[in-house]
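Before any comments, here is the structure.
Note that the coordinates shown come from a computational prediction; the quantities given were computed from them, not determined experimentally.
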Amino acid sequence: MRDKVMGRWSTYEPFYVELSGKKVADIVVTNHAKNRWANRVSGVGHSVEYICDYIWKRLKEKRIRPYYRNSSDVFVVDEDLVMVAEFALSGDVTDISGNPLHKMIIVTFLGRMSETIELRDLKTRSEEHTSELQ
């Protein structure tokens, strides 16, 4: 899910987006995540390409962030949609400096906080527990 168009000829534009310390260059959607998208997010079965495009655009616009403060696998999109993702090295692909790039593997979509009150409660309880420990 990399951008194919460059703004100007002979200009380097990165084809990855940083998220939680990872340089994401590709997105993989599991079959389970695709099914959950249809059941819990859109109500309609969309293609994997559609879901990847949706996530990629939000990654570029920095509209995806960790759900919990120290979370490395649960993310919230547009302050509403909660998803679980893992990261894996993207083979021998590197950035211009030789640093490894990652693929983001979307494991599942948990749902929208605006529709599922349990997701909001879970986050609130986690934040309260974290502040008690400090």
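- Summarising the geometry of Glu115 relative to Arg40, their closest heavy-atom pair is OE1-O, 4.2 Å, with the distance given to 0.1 Å.
- Applying the side chain to side chain contact (heavy atoms under 4.5 Å, CB included) rule to Val17 yields the partners Trp56, Leu59, Lys60; only residues at least two apart in sequence or on another chain are considered.
- Remark: Ile27 CD1 to Glu49 CD distance equals 12.0 Å, nearest 0.5 Å.
- Summarising the geometry, atom CG belonging to Leu89 is positioned 12.5 Å from atom NZ belonging to Lys23; distances are rounded to the nearest 0.5 Å.
- Sorted by first and then second residue, the pairs that involve residues 98-112 and meet salt bridge (charged side-chain N to carboxylate O under 4.0 Å, His left out), not counting sequence neighbours, are Asp80-Arg112.
- Hydrophobic clustering of Ile, Leu, Val, Met, Phe, Trp and Tyr side chains at less than 4.5 Å, counting indirect connections, keeps Ile105 apart from Tyr67.
- Every side chain to side chain contact (heavy atoms under 4.5 Å, CB included) that Val84 has, sequence neighbours left out, goes to Val74, Val107, Thr108, Leu110.
- Residue Met104 holds its CE atom at 10.0 Å from OG of Ser20, rounded to the nearest 0.5 Å.
- Atoms CZ and CH2, from Phe109 and Trp37 in turn, are 5.5 Å apart once rounded to the nearest 0.5 Å.
- Looking only at distances, a side-chain donor or acceptor of Ser47 sits under 3.5 Å from a matching main-chain atom of Tyr50.
- Following chains of ILVMFWY side-chain contacts shorter than 4.5 Å, one can reach Leu19 starting from Val29, so the two form part of one hydrophobic cluster.
- Rounding to the nearest 0.5 Å gives a distance of 6.5 Å between CD1 of Ile106 and SG of Cys52.
- Looking at heavy atoms from C-beta onward, Ile64 lies in side-chain contact with Ile55 at the 4.5 angstrom threshold.
- In terms of the side chain to side chain contact (heavy atoms under 4.5 Å, CB included) criterion, Ser72 has no residue partners (sequence neighbours excluded).
- Residues Val24 and Phe87 form a side-chain contact, since some pair of their non-hydrogen atoms from C-beta on lies under 4.5 Å apart.
- Under the side chain to side chain contact (heavy atoms under 4.5 Å, CB included) criterion, Asp92 pairs with no residue at all, not counting sequence neighbours.
- Here CD of Glu18 is found 9.0 Å from CG of Asp95. Values are rounded to the nearest 0.5 Å.
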Check the pair Phe75 / Leu81 against side-chain contact (heavy atoms from CB on, under 4.5 Å), numbers first and verdict last. CA-CA 8 Å; Phe75 298 91; Leu81 176 60; over 6 Å; no

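- The salt bridge (Lys or Arg N to Asp or Glu O under 4.0 Å) check on Lys34 picks up nothing, with sequence neighbours excluded.
- Residues meeting the salt bridge (Lys or Arg N to Asp or Glu O under 4.0 Å) test with Arg63, sequence neighbours left out: Glu61, Asp78.
- Under the 4.5 Å side-chain heavy-atom criterion for ILVMFWY residues, no single connected hydrophobic cluster contains both Val28 and Tyr54.
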